[in-house]
Amino acid sequence: MQIRRAKRQELSDRGMDPYPVQLPITHTIATIREKYGHLQADDHSGDEVGIVGRVIFSRNTGKLCFATLRAGDGTEIQAMLSLDKVGEQALEGWKELVDLGDQVFVRGEVISSRRGELSVLADEWLMAAKALRPLPVAHKPLSEEARVRQRYVDLIVRPEAARIARLRVDVVAGLRQELTSRGYLEIETPMLQTQHGGAAARPFVTHSNALDIDLFLRIAPELFLKRAVVGGLERVFEINRNFRNEGVDSSHSPEFAMLEFYQAFADYQEMATITRELIQEVARSATGSEIVTRTDGTLIDLSGEWNRIDLYESVSTALGEQITPDTTRGHLESLCDAAGISVAPTWVPGKLVEELFEHHVLPTLDNPTFVMDYPVDTSPLVRAHRTKPGVVEKWDLYVGGVEQATGYSELVDPVIQRERLTEQAALAARGDDEAMRVDEDFLRALEHGMPPSGGVGVGIDRLLMNLTGYGIRETILFPLVKPER
RNA sequence: GGGUCGCUAGCUCAAUGGUAGAGCUGCGGACUUUUAAUCCGUAGGUUCGGGGUUCGAGCCCCCGGCGACCCA
């Protein structure tokens, strides 16, 4: 660092700005690769260009120096500096003052070297941005912690990191385009809420000085998107961050991106079909195929129709006995004990059925599967099933062993919704800090008449995980990490 | 929340309880066709922090920090 600081000063002393405000750039590296890729070994194009790139490798051989320059998009080109082209002073300056990690400008002719490497043979070089810190060795992988803490370094030395960042952009853009083309409006709803709702989760709490009230970072946008549907915005979606004050592991981040979309006059079956089409479309547009190869070599086949199985039936089959919404909590608890599932006293019977599902059925699902018809006591925002008693019209979509999306026929009856939220508030009063609260303004909106609607939530980070096979911290550019020291 | 493993030079990693090391990076030198260039030379350390055991601790014990994985 001290040596590089001195080099920075030396550049200034020689009249070369280490951080010039403008450079006579004429081409991107990608453009040159495209335009001159046909050059044969030792060909000279006769065309002069000005390029910038970060020095990734440097090979100085006395009177002829080579450097590999990499642009932000990951494309690379070789720069060559020869004594007879740039002169003794410029060549000495290059050797003395340019380090790995520096961004440099090179003006010169596009050629192919004797070994056939596409190169810019410099007539002149300038510093574009002097790096004071050394780049980690480019041929050894950074530790996972270093990659996450210093993503800017990770992005420079590991093209795969940049690829994932770009894939995320493509996935989000694909979802947006597909929904927009289906007539959905993208709206923005509050992140700071006076009441949290729409999911079972512990919220982050903050405080408004101006209003002197506590505010919650949203755990879900659901209740506001539904208000929009009440108001006649019949197809709406939002892609943005939710915040949950809960555990952090390889599939959970305290802030995570979520797509929620609602459609009036659709039910959960129709929403399942739309969700499948959305994910298939995004897989095609972002990765080129509906059969995704993950980094560990395993395949996820997203093509065709996806299975729809019944939650209670699948659990019953796995256990070899009939489990229904009427099965007693005591019996469910003994089944959980037998499976080694530890049960919290606050858990309702439906929660125990879901646990049994995750333990006995989930590991057997490999291809994308919609699990249909959930217990009513864990789903306070979903309407009762039209024919099956004790369950609601809700599905969870499992892909690659993780919950990828959830969809409802929304509960729009304001009277029943009030009853359900009142039950939730009672649970909260008994110490369940994930239970929902009674949101009077939301109920007032429902009382104005919400059309029968379907709604879906899709985890963006999880979608990226399923399309790449990476953990959540690789799919989020700057995940939350504990401060150093 | 529980368990396991890890933390040593800028980076990636070694080191029976007995003088802290290698490769790459860096620095100095040679080299006009190199691809992680090569060759010669050289520098580089609060072994995550604190405490304990010991003649002696990177290593053993305790507490704490940070991370990874598994389980709930």
Side-chain angles (χ1 to χ4, degrees), chain A residues 1-7 10 39-44 53 55-70 76-88 90-92 94-102 108-109 111-122 131-150 153-154 156-159 202 246-253 296 336-337 339-347 351-352 354-356 358-359 362-363 401 433 470-474 479-485:
Chain A
M1 271 261 287
Q2 282 172 357
I3 292 162
R4 289 189 179 218
R5 275 180 199 281
K7 289 180 180 179
E10 180 65 22
L39 286 186
Q40 300 296 307
D42 222 8
D43 270 0
H44 288 232
V55 179
I56 296 297
F57 300 117
S58 178
R59 300 172 289 279
N60 293 343
T61 66
K63 300 188 181 69
L64 179 62
C65 297
F66 303 87
T68 303
L69 305 186
R70 182 184 289 169
E76 296 175 2
I77 197 165
Q78 178 168 269
M80 297 171 63
L81 293 93
S82 71
L83 178 63
D84 42 305
K85 282 280 182 186
V86 298
E88 191 173 341
L91 190 69
E92 282 311 305
W94 173 272
K95 288 202 271 188
E96 278 177 41
L97 301 176
V98 174
D99 293 305
L100 290 184
D102 290 354
E109 184 187 0
I111 66 161
S112 180
S113 74
R114 265 177 224 168
R115 297 288 172 88
E117 182 77 29
L118 189 63
S119 308
V120 174
L121 180 57
L132 295 188
R133 288 181 185 269
L135 224 45
V137 181
H139 6 285
K140 292 272 187 178
L142 277 178
S143 71
E144 288 193 47
E145 186 175 356
R147 296 204 315 235
V148 167
R149 284 196 189 278
Q150 300 187 45
V153 175
D154 189 31
I156 294 166
V157 299
R158 196 169 59 99
R202 294 217 309 253
E246 295 176 345
V248 180
D249 62 30
S250 56
S251 65
H252 293 83
S253 171
D296 60 2
C336 283
D337 287 345
I341 301 165
S342 67
V343 175
T346 54
W347 288 0
K351 172 75 174 168
L352 301 187
E354 291 177 13
E355 290 289 324
L356 287 168
E358 286 180 25
H359 188 270
L362 181 54
D433 47 16
Y470 287 111
I472 197 167
R473 283 151 75 89
E474 295 291 334
L480 181 68
V481 283
K482 283 198 187 182
E484 297 166 271
R485 220 145 289 202

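First the proteins, then the strands, lettered A, B, ... as listed; each starts at 1.
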May I have the distance from L83(A) (atom CG) to U33(B) (atom P), rounded to whole angstrom? 13 Å
Here the gap from L64(A) atom CG to S82(A) atom OG, rounded to the nearest 0.5 Å, amounts to 6.0 Å
Can you check the I3(A) CD1 to U42(B) C1' distance for me, whole Å? 12 Å
In whole angstroms, how far is the P atom of U35(B) from the CG atom of L118(A)? 18 Å
Could you check whether S119(A) gets within reach of a base, just the sugar-phosphate, or nothing at all, counting any heavy atom under 4.0 Å? nothing
Rounding to a whole Å, what distance do you find between L100(A):CG and U35(B):P? 15 Å
Between CZ on residue R59(A) and OG1 on residue T68(A), distance to nearest 0.5 Å: 4.0 Å
Inter-nucleotide P distance (G67(B), C60(B)), Å rounded: 23 Å
Both S113(A) and S58(A) contact RNA chain B. Taking the nearest nucleotide for each, which residue is further toward the 5' end? S113(A)
Partner nucleotide, any strand, of G23(B) [Watson-Crick/G-U, under 3.5 Å]: C11(B)
Where the side chain of D102(A) meets the backbone of A131(A), is there a donor-acceptor pair that is under 3.5 Å apart? yes
Distance, nearest 0.5 Å, that separates CD1 of I3(A) from CG of L132(A): 12.0 Å
Proximal nucleotide (of A68(B), C27(B), C66(B)) relative to the D99(A) side chain: C27(B)
Give me the distance, rounded to whole Å, that separates G56(B) from C39(B) when you measure between the P atoms they each carry. 45 Å
Under 3.5 Å, side chain of K95(A) to main-chain N/O of K63(A), donor-acceptor pair present? no
Which part of the nucleic acid does K7(A) contact within heavy-atom distance under 4.0 Å: base, sugar-phosphate only, or nothing? sugar-phosphate
Mind checking whether E96(A) and E92(A) have side chains closer than 4.5 Å, heavy atoms only? yes
Could you work out the separation of C27(B) and G64(B) based on their C1' atoms and round it to a whole Å? 39 Å
Does any donor-acceptor pair link the side chain of D84(A) with the base of U32(B) at a separation under 3.5 Å? yes
Would you measure the distance from the P atom in G49(B) across to the matching atom in U42(B) and give it in whole Å? 30 Å
Atom CD1 of I156(A) to atom P of G10(B): distance rounded to whole Å? 19 Å
Atom-pair distance (NZ on K95(A); P on G26(B)), nearest Å: 15 Å
Partner nucleotide, any strand, of G44(B) [Watson-Crick/G-U, under 3.5 Å]: none
Atom P, compared across G41(B) and A9(B): separation rounded to whole Å: 25 Å
Closer than 4.0 Å, any side-chain N/O of R133(A) to the OP1 or OP2 of C11(B)? no
Gap in Å between the two C1' atoms, one belonging to U46(B) and one to C7(B), rounded: 15 Å
Counting the atoms with a prime plus P, OP1 and OP2 as sugar-phosphate, which does N60(A) contact under 4.0 Å by heavy atoms, base, sugar-phosphate, or nothing? base
Using atom P of each nucleotide, how far apart are A14(B) and U8(B) to the nearest Å? 10 Å
Whichever of H359(A) and E117(A) has the more 5' nearest nucleotide on RNA chain B, that residue is E117(A)
Let's test this: given Watson-Crick or G-U wobble pairing with both distances under 3.5 Å, identify the partner of G17(B). none
In whole angstrom, give the distance that lies between atom CD1 of I56(A) and atom C1' of C24(B). 15 Å
Identify the nucleotide, in any strand shown, that forms a Watson-Crick or G-U wobble pair with G56(B), with both distances under 3.5 Å; if there is none, say none. none
Which value, rounded to the nearest 0.5 Å, describes the distance between Q78(A) atom CD and L121(A) atom CG? 10.0 Å
C24(B) and U4(B), which share atom name P, separated by this distance in whole Å: 38 Å
Rounded off to whole Å, could you give me the CD-to-P distance for the E96(A) and G29(B) pair? 8 Å
